[in-house]
Amino acid sequence: MGEERFGEFVLVRRHGEGGHVAELVLDRPKAMNAVSTEMARSIAAACAALGEDREVRAVVVTSTHERAFCVGADLKERNSFSDAELVRQRPLARGAYTGVLELPAPTIAAVHGFALGGGFELALACDVIVADRTAVVGLPEVSVGVIPGGGGTQLLPRRVGAARAAELIFTARRVEAAEARELGLVDVLAEEGRDREEALAMAARIAGNSPVGLRAAKRALRLGQGLDLRAGLEVEDAAWRSVAFSGDRAEGVAAFNEKRRPQWPGE
């Protein structure tokens with residue numbers, strides 16, 4: 001298992017045979033992973049590196065803090081900004097959230113404790129959210145005079161519908177794990193302390209599949225959101241054509257017929 005650090009606050013670990021599962025670790029425990037400018041830059045850099053690595057088949061976003069996944073933007077830093085500094089910081093902040101959102105491989109968030117504001121938005125940018133029973137999620141931005149600006153106003157309604165998202169954003173309320181699972185704010189509810197373990201196990205299962213197929217399936221899922229059915233099926237057809245004549249498709253069919261485990265060429 002290899003490790004690579006991106007700045008002071010972000011670590012990438014590789015797991016399993018071939019290192020096909022990457023763990024993107026939020027590692028600013030003294031601030032409960034509050035996203036400072038430096039940390040945002042590091043998240044974006046780590047995601048850029050993972051996005052270019054064809055060996056990565058699944059990514060798990062985790063936290064080193066025992067009681068928090070991420071509490072959102074670093075408001076102490078924000079409080080020191082002039083208006084001009086806030087404007088300059090905005091693209092760097094966005095880069096962290098879009099970095100996770102645009103990862104081409106399937107992405108899982110492993111959430112425990114607080115995932116609030118930008119912290120919950122990092123989780124929403126993932127394809128699947130695994131949370132343990134200590135998880136508390138929410139988008140409280142309107143309570144401090146702003147709005148969710150890391151994708152929350154767009155990603156949450158795509159998850160739970162417009163009215164439910166409006167209620168959660170307008171009230172700024174925090175939602176505990178059981179209700180979060182019931183509402184669809186998280187997808188898998190793990191026992192306390194097992195969110196990372198379950199997320200890595202899911203990632204390992206995902207990583208056993210074709211990397212070409214995984215990336216194309218994610219592309220079809222993401223590009224098809226919000227389209228009418230006819231347009232969505234065209235997106236799916238384009239994604240199918242991108243894999244139909246690939247080495248992975250040939251290997252997958254051969255391995256199935258030969259009753260053996262595929263050795264994916266990844267192309």
Side-chain angles (χ1 to χ4, degrees), residues 9-10 24-40 42-43 60-79 81 86 89-90 92-101 107-126 128-160 164-190 192-193 195-196 199:
F9 303 130
V10 175
L24 194 163
V25 186
L26 306 177
D27 187 27
R28 196 187 177 202
K30 290 181 180 178
M32 299 181 85
N33 290 327
V35 181
S36 63
T37 303
E38 180 184 348
M39 187 172 176
S42 296
I43 292 170
V60 179
V61 184
T62 67
S63 160
T64 58
H65 196 284
E66 292 181 357
R67 294 185 294 108
F69 174 72
C70 172
V71 294
D74 186 340
L75 295 184
K76 288 184 179 178
E77 180 190 64
R78 290 276 179 93
N79 193 47
F81 285 169
L86 184 60
Q89 194 251 7
R90 175 62 176 164
L92 296 173
R94 285 193 70 187
Y97 303 106
T98 56
V100 175
L101 185 65
T107 309
I108 305 163
V111 173
H112 58 265
F114 297 112
L116 301 172
F120 188 37
E121 288 172 306
L122 286 173
L124 289 172
C126 297
V128 178
I129 302 174
V130 176
D132 84 354
R133 295 186 181 277
T134 70
V136 178
V137 304
L139 296 175
E141 284 87 348
V142 299
S143 71
V144 293
V146 290
I147 69 165
T153 65
Q154 304 306 304
L155 295 171
L156 190 59
R158 284 167 165 79
R159 232 177 200 283
V160 300
R164 178 69 69 195
E167 181 258 318
L168 292 165
I169 290 170
F170 296 160
T171 62
R173 70 183 179 95
R174 299 179 178 191
V175 183
E176 296 186 359
E179 185 187 3
R181 174 65 185 88
E182 183 181 329
L183 296 180
L185 300 174
V186 305
D187 305 301
V188 177
L189 196 56
E192 183 174 343
D195 53 296
R196 176 176 178 269

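Just so you know, residue 1 is the first one in the sequence shown, and it goes up from there.
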Fill in: Check against side-chain contact (heavy atoms from CB on, under 4.5 Å), Glu179 and Arg173
CA-CA 12 Å; Glu179 185 187 3; Arg173 70 183 179 95; 2.9 Å; yes

Fill in: Pair His65, Asn33: side-chain N/O donor-acceptor within cut-off below 3.5 Å
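Per modelled atom types, His65 and Asn33 side chains form no pair under 3.5 Å.
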
Worksheet item: Does a side chain donor of either Glu192 or Thr134 reach within less than 3.5 Å of an acceptor in the other side chain?
Response: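 The criterion, which ignores hydrogens and geometry beyond distance, is not satisfied for Thr134 and Glu192.
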
Give a yes or no on whether the backbone of [Y] and the side-chain of [X] come within a donor-acceptor separation of less than 3.5 Å.
X      : Y      : answer
Thr98  : Leu101 : no
Arg159 : Gly184 : yes
Asp132 : Gly193 : yes

On a heavy-atom basis, which atom in [X] and which in [Y] lie closest, and how many Å separate them?
X      : Y      : answer
Glu141 : Gly117 : OE2-CA, 3.1 Å
Ser63  : Ala68  : OG-O, 2.6 Å
Gly150 : Glu121 : N-OE2, 2.8 Å
Arg133 : Leu189 : NH1-CD2, 3.4 Å
Leu122 : Tyr97  : CD2-CD2, 3.5 Å
Ala123 : Val111 : CB-CG2, 4.1 Å

Practice prompt. Evaluate the side-chain proximity of Phe69 to His112: yes if any heavy-atom separation is below 4.5 Å, no if none is.
Written response: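 Not in contact.
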
Item to complete: Carefully, step by step, assess Glu38 and Arg28 under the rule salt bridge (charged side-chain N to carboxylate O under 4.0 Å, His left out).
Response: CA-CA 11 Å; Glu38 180 184 348; Arg28 196 187 177 202; over 6 Å; no

Worksheet entry | Under the salt bridge (charged side-chain N to carboxylate O under 4.0 Å, His left out) test, residues paired with Arg90 that sit two or more places apart |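 Arg90 satisfies salt bridge (charged side-chain N to carboxylate O under 4.0 Å, His left out) with no residue once adjacent residues are dropped.
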
Discussion item. Going by the rule salt bridge (charged side-chain N to carboxylate O under 4.0 Å, His left out), which residues pair with Arg164 if we only count those two or more places apart in sequence or in a different chain?
Written reply: Glu167

Discussion item. Is it true that, when you exclude Arg67 itself, more than 12 heavy atoms of the residues, nucleotides or ligands shown sit nearer than 6.0 Å to its CZ?
Written reply: no

